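Beneath this line is the structure, given in structure tokens, with notes to follow.
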Amino acid sequence: MTAQNDTQQTASRTGEGPVRLAAFDFDGTALDGNSPVILVKFLVRRRMLNPSVVLRIGLWGAAYKLRLPQNEAWVRGLVFRAFAGKPVEKVDQFLYDFYDECVGPRVRAVARQAMEQWHEQGVKVVCVSATFEPIVVRAMRDLPFDYQISTRMKVNPDGTYGCEVEGSPVEGDQKMIELRRFANAKWGVGGWELEAAYGDHHSDRAMLAAAKQAFAVCPDRPLSRTARERGYQVLEW
């Protein structure tokens, strides 16, 4: 460890200097799998999605794999048709139970260890994810996230969920936009710095590029190329 890094860590622990953050993507990074995909399969098994909706989601997924431009908010609205008009509390509990059954067992222990190591250095850990907010909120009981930024769905005036995303999905370049907005609001411009970022997908490039230390976790082919070109550390979790 260099003297400069040691000074930075001491300053972070004593409240001096900018707050240091380590940002973790969730799906494919902290998690071995993709929680929205798992959720769709879960809903299909329970016949909670109309077959025509399932078909449209499948076509969207095929286009996504081909890296064609896609409307991220639109597909999330399709998935949430399963919950349209239902009370927020009941839907959130449904998603907590879904997490316990299908997502929690896929959490990577090595990701948890990495987060704990950052905590030991006085670094705050934030989850920045495109998945639905209740899933990440439940994950915060299992993983040492200090904060989370994820995709939030609109709530109707009567306390039920609608089928529209509130704002923008926390996906691709939007991850860094939302992280910057959150951190500036909490600590002020210049009051924080992105010490590290972890991602598995080429859509995580913007967040990784903004970090002092970038970690490509089981990266897809495009991100593997970027990692080689920019000297990111590749982690085979």
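Computed from a predicted structure; not experimentally measured.
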Indicate whether the side chain of [X] and that of [Y] have a donor and an acceptor atom separated by less than 3.5 Å.
{"X": "Gln213", "Y": "Glu195", "result": "yes"}
{"X": "Ser150", "Y": "Thr131", "result": "no"}
{"X": "Asp146", "Y": "His119", "result": "yes"}

Check your understanding: Can we say Glu164 and Lys154 salt-bridge, meaning some charged N sits less than 4.0 Å from an Asp/Glu carboxylate O?
Key ->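 Answer for the salt bridge query: yes.
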Examine [X] and [Y] and state if one hydrophobic cluster contains both, with Ile, Leu, Val, Met, Phe, Trp and Tyr joined whenever side-chain heavy atoms are less than 4.5 Å apart.
{"X": "Phe145", "Y": "Phe132", "result": "yes"}
{"X": "Val79", "Y": "Met48", "result": "yes"}
{"X": "Met207", "Y": "Leu21", "result": "yes"}
{"X": "Val88", "Y": "Met140", "result": "yes"}
{"X": "Leu55", "Y": "Leu49", "result": "no"}

Rounded to the nearest 0.5 Å, what separates atom [atom1] in [X] from atom [atom2] in [Y]?
{"X": "Phe26", "Y": "Asn34", "atom1": "CZ", "atom2": "CG", "value": "10.0 Å"}
{"X": "Asp25", "Y": "Leu31", "atom1": "CG", "atom2": "CG", "value": "9.5 Å"}
{"X": "Asn50", "Y": "Arg56", "atom1": "CG", "atom2": "CZ", "value": "7.5 Å"}
{"X": "Ile57", "Y": "Leu78", "atom1": "CD1", "atom2": "CG", "value": "5.0 Å"}
{"X": "Leu223", "Y": "His201", "atom1": "CG", "atom2": "NE2", "value": "9.0 Å"}
{"X": "Leu208", "Y": "Thr226", "atom1": "CG", "atom2": "OG1", "value": "9.0 Å"}

Heavy atoms only: give me the nearest [X]-[Y] pair and the separation to one decimal.
{"X": "Ala22", "Y": "Val123", "value": "N-CG1, 3.5 Å"}
{"X": "Ala206", "Y": "Asp173", "value": "CB-OD1, 3.5 Å"}
{"X": "Gly199", "Y": "Asp204", "value": "CA-OD2, 3.4 Å"}
{"X": "Pro18", "Y": "Gly190", "value": "CB-O, 4.0 Å"}
{"X": "Pro36", "Y": "Asp27", "value": "CD-OD2, 3.5 Å"}
{"X": "Trp118", "Y": "Ala196", "value": "CZ2-CB, 3.4 Å"}

Review point. Got a donor-acceptor contact below 3.5 angstrom from the Asp220 side chain to the His202 backbone?
Key: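 Yes; at least one donor-acceptor contact below 3.5 Å.
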Exercise for review: Output yes when a side-chain donor or acceptor of Thr160 lies under 3.5 Å from a complementary backbone atom of Asn156, and no otherwise.
Suggested key: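 Checking the backbone N and O of Asn156 against the side chain of Thr160, no donor-acceptor pair under 3.5 Å is found.
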Review point. Taking the six-membered ring where the residue is Trp, are the ring centres of Trp187 and Tyr147 under 6.0 Å apart?
Key: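 That pair passes the under 6.0 Å test.
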Can you list every pair that meets salt bridge (Lys or Arg N to Asp or Glu O under 4.0 Å) and has a residue in [range], with sequence neighbours left out?
{"range": "residues 33-43", "answer": "none"}
{"range": "residues 99-116", "answer": "Asp32-Arg108, Arg46-Glu101, Asp100-Arg138"}
{"range": "residues 80-89", "answer": "none"}
{"range": "residues 224-237", "answer": "none"}

Review point. Checking side-chain contact (heavy atoms from CB on, under 4.5 Å) for the pair Met153/Glu166: CA distance, chi angles, key distance, verdict?
Key: CA-CA 5 Å; Met153 301 303 290; Glu166 183 178 308; over 6 Å; no
Results of side chain to side chain donor-acceptor pair (under 3.5 Å) for [X] - residues two or more places apart only:
{"X": "Gln174", "answer": "Glu178"}
{"X": "Arg152", "answer": "Glu133"}
{"X": "Gln117", "answer": "none"}
{"X": "Arg76", "answer": "Glu72"}

With a 4.5 Å heavy-atom cut-off, do [X] and [Y] have their side chains touching?
{"X": "Pro219", "Y": "Asp200", "answer": "no"}
{"X": "Val103", "Y": "Leu39", "answer": "no"}
{"X": "Leu194", "Y": "Met176", "answer": "yes"}
{"X": "Val136", "Y": "Cys127", "answer": "yes"}

Practice item. Mind running side-chain contact (heavy atoms from CB on, under 4.5 Å) on Gln148 and Val137 for me, showing each step along the way? Key: CA-CA 8 Å; Gln148 67 88 19; Val137 169; 4.1 Å; yes
Practice item. Among residues two or more places apart or on two chains, list those pairs meeting ring pair (Phe, Tyr, Trp, His ring centres under 6.0 Å) that have a residue in residues 217-237. Key: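 Residue pairs with at least one partner in residues 217-237: Tyr198-Trp237.
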Exercise for review: For residues 82-103, pull every pair meeting ring pair (Phe, Tyr, Trp, His ring centres under 6.0 Å), keeping only residues two or more places apart or in separate chains.
Suggested key: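 Of all non-adjacent pairs touching residues 82-103, those that pass ring pair (Phe, Tyr, Trp, His ring centres under 6.0 Å) are Phe42-Phe94, Phe42-Phe98, Phe80-Phe83, Phe83-Phe94.
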Point to revise | Enclosure of Asp142 CG (heavy-atom neighbours >12, cutoff 6.0 Å) | key: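 Count over threshold, so yes.
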Practice item. Check whether more than 12 heavy atoms from other residues, nucleotides or ligands sit under 6.0 Å from atom CZ of Arg47, and answer yes or no. Key: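 Open: at most 12 neighbouring heavy atoms sit under 6.0 Å from CZ of Arg47.
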Practice item. Could you walk me through whether Trp192 and Asn184 pass side-chain hydrogen bond (donor to acceptor under 3.5 Å, both in side chains), step by step? Key: CA-CA 8 Å; Trp192 63 280; Asn184 285 343; 2.7 Å; yes
**Study point:** Hydrophobic cluster of Ile177, others only, ordered by chain and residue number, side-chain cut-off 4.5 Å
**Key:**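 Reading the cluster by chain and number, Ile177 sits alone, since nothing else belongs.
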Check your understanding: What residues join Val234 in its hydrophobic cluster, counting side-chain heavy atom gaps under 4.5 Å, either direct or through other members?
Key ->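 Its cluster partners, ordered by chain and number, are none at all.
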